[in-house]
Amino acid sequence: MDRLHYRERAERHISKLCLEIGERCVGSPGNKKATDYAAKVMREFGFQVETPGFDCFDWEDRGSELIVGNESFRVLSNPYTSGGEIRAPLSAAATIEELEQVEANGKIVFLYGQIAAEQLMPKNFTFYNPDEHRRINELLENRGFIAVLTATSRNPETAGGVYPFPLIEDGDFNLPGAYMTDSEGERLLAVSQGEEVFLKIDTERKPSEGCNVIGRRGENQAERVTVMAHIDSKQGTPGAIDNATGTAVLLLLAEMMAGYNGRMMVELAAVNGEDYYSNPGEMLYLEENRDRFDQIILGINIDGVGYRCFSAAYSCYDCPDEVSSAVRKVFDSSSVVEGEPWYQGDHGLFLYNNRPALAITSTAIQDLLDIAHTPDDKPEIIDYDQVVEVARTVYELLIRLSGRR
Ligand SMILES: [Zn+2]
């Protein structure tokens, strides 16, 4: 394999995605350019490509303002929020019990402290949604409040490296809202007692569309290996490690597989929505494969690889012996090391359907939580040789799996 050639190709794909296109948030013009590009490259190398689509909205944020008397506060629009101009008094709550009891009708609710400690799951998110989150969403929407303000600290586990983090990040949530740091929140509590506050949220939900890009080769779909990477990014980030590198691995694989003539079907799935509140591409993939998941002999998810100075790491989930021994053989002679189990990624789609899965990410996944979703996730932090090495190793695995069947 010509490593130098593939390294140049990796650089080309990533500079296309991160620099030429930039943000690739679902529904945005950049997202459309990215899916067009992935489909074009897969077709170029002889893959059969489908681009099943879904409805979504592109969200535009022109900023938010909060003013009490003569004082103004630094606030950010809740991602995906509807807009509005609201004048009303605040009702503050630090716990669910307080939220149940504070005066609600015609008020702007202000959440701070304990109730605002971790990001709420979107209300229609079905895979994981704690009762407490459902209860908070219900109280916010149904008690008569007209808008919501929140004050938050840091929480890399659920919100990446952003401070403050948006407590509510949900395009199906019906109250307009904004968020601020915990220290702005303290200042707000001190001046807002009984005062009317002015909240302006200048945002727009623009109806749009998006698609997955699914490339296939090999005629035997009863034995299929799927290699998946999410192609979307958050707003406000070039999304280099999260997940232009994973997308580049798919595109390098398309090229490496150009001469593939095995019977086992290889499916390259650029899914569109890991970083969008409703995961529309993932939901569509589930829907389209509902009766076909049992064909998948292994689902491989690539997300977060190529971080400079740290190795890529693989982890196996529910793999039968023949698959895990093939994985071990191939990965033992690569620079991708065995890593800790990790359950937050798109390989959950396979596990949820009782299919074996392999996840490839970084050994520095905890550090990456501080960088993901910020402007610092840029090509400068990429190790391109590692991106090529991940693609090469997955390629070897595909060839090995196709040969033994
Ligand atoms: Zn990701």
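One-based numbering, in listed order, for ligands and for the atoms of each. Values below: all heavy atoms of this structure, side chains included; hydrogens, waters and symmetry mates excluded.
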Looking at the Zn ion (ligand 1), is there an N, O or S atom belonging to Asp346 that lies under 2.8 Å away from it?
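So Asp346 does not count as coordinating the Zn ion (ligand 1).
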Which atom, counting only N, O or S, brings Asp242 closest to the Zn ion (ligand 1)?
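Nearest N/O/S atom of Asp242: OD1.
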Angle, OD1 of Asp303 through the Zn ion (ligand 1) to NE2 of His230 - 10° precision:
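Computed angle, vertex at the Zn ion (ligand 1), rounded to 10 degrees: 100°.
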Do side-chain atoms of Arg9 reach the backbone of Leu4 as a donor and acceptor pair under 3.5 angstrom?
no
Can you tell whether the side chains of Arg328 and Glu338 come within less than 4.0 Å, N to carboxylate O?
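Answer for the salt bridge query: yes.
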Is it true that Glu100 and Arg143 make a salt bridge, defined as a side-chain N closer than 4.0 Å to a carboxylate O?
no
Consider only side-chain N and O atoms of Glu255 and His13, and report whether a donor and an acceptor are under 3.5 Å apart.
no
